[in-house]
Amino acid sequence: MAGGDELKLLGFWGSPFVLRARLALSFKGLSYEYVEEDLKNKSELLLQSNPVHKKVPVLIHNGKPVCETQVIVQYLDEVYGANGRPSLLPVDPYDRAMARFWAAYIDDKLLSSLMMMSMGKTEEEKAEGRKQSSGAVETLEGALKECSKGKPFFGGDSVGYVDVVLGGFVAWVRIIDRMTGLKIFDSSKTPILAAWLERFGSLDAAKAVMPDVQRLVELSKMRQV
Amino acid sequence: MNMTTAEPVKLIGAFGSPFVHRAEVALRLKGVPYELILEDMSSKSDLLLANNPVHKKVPVLLHGDRAVCESLVIVEYIDEAFDGPPLLPVDPYDRAMARFWAHFIENKFFQPFWLAYWSEGEAQKAVVKETKENLALLEAQLNGKKFFGGDTPGYLDIAACVLGPWIGVLEEVTGVTLVNGNEFPALCQWAKEYSSSEALEPCHPDRDRLVAYFTENKEKYKMMAKTMLQQ
């Protein structure tokens, strides 16, 4: 089914959610047209393709839009699951349930606490965010140990669904480190995650789509003004 | 044939929870026998705490020695681990749509919907408006079908279950009507079909008991709503 299969991704270079979608596309070796959105002046295509949330990323496959990052990643995995393309979700139903559980946890607990930490309106809120993110990261350290079973990734020998979901935050974790000196994945507290961060970030498929950290720092500073 | 299907299935749940209900409906639609273990959430059992140490919540599905948590994760697990009619659509795009709307219900719809019943004054007006906008989007998704899944209930119907047996009870206890027949005729019809489905009947909470449960907790929910809206 070669001819006429068109993939387009509407995104914003600084979004960790868009990064997740790009990581999935990259690790699955898929070609696509990337469209950079100006979030202050959203395109007609974006507004029509995601009328409910009006957010990026949006995947458009042969003209049909798919929205919500985790839905996009699962869709790509299901459509492009054959012909030697790497699968992100495992085969066994229980392993799949574990992957979905931890992906949900990352968005539910880690994301909210990182946001509270970075963008809290008061010092108390930011401190609460630091405390919560510290707890979430510790839990994820245990999750990585359990899921990887001694192998390099949540997905085992190769990058899997949870690696891609957490991978969206790699750039953000690095800028928090650069801007505040705070190591979210501290090698003394969460050694397995710290090693995962280095390992994941050094993969060619990840480097190909990772946004420039310095540029993200500038963006972050602008938003805080 | 799936090797694991012979192992016993237990579901740790609590009365009145639409999240537990989701797991029960999935098991029933799939034809999987199970034992329901009801928790007293004010005094959680060791079984629950050991099997859901991360969230300490229900439902928790126990399949042999495997524990699966988070209601929608459980529903997909049931769909994949057991033989029986599929809960999610077959086509990947339709699956993506079902997951998108389930995600919408979970992350955008639920909180304002809940707050709309228990809040008051100006704050209530805002969440009622938001909820009606969200209900209109769900109404449009039914698009002439009996269920979100088509002729029979599927994944998205399961995700939307709170719009079934709970609506009438919430209206009665709070006096707030959101899903009215004028604005949302398709959703009202869906609620009738869903609530009267013979296949799902054993999963539906006893109405009188649910009314008593919400009445008993009314002041607590109102306090919680007030706190949440003040943030």
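Order of the sequence lines fixes the chain letters, A, B, ..., with proteins taken first and strands second; residue numbering starts at 1 for each chain. Note that the structure is predicted; figures quoted are calculated from it, not measured.
Your options are B/E133, B/H103, B/E70, and the one with the most heavy-atom pairs under 4.5 Å with chain A is B/H103. Top candidate by heavy-atom pairs under 4.5 Å with chain B, chosen from A/Y105, A/Y94, A/Y75, A/F101, is A/Y94.
Using modelled atom types and a 3.5 Å distance limit, the side chains of B/S45 and B/E39 yield a donor-acceptor pair. For the 3.5 Å distance criterion, the side chains of A/D5 and A/Y80 qualify, holding a donor opposite an acceptor.
A/R100 touches chain B through backbone and side chain together, each having a heavy atom under 4.5 Å away. Within the 4.5 angstrom heavy-atom criterion, no atom of A/D107 approaches chain B.
Less than 6.0 angstrom separates the ring centroid of B/F148 from the ring centroid of B/W190.
Here the side chain of B/W166 pairs a donor or acceptor atom with the backbone of B/G16 at under 3.5 angstrom.
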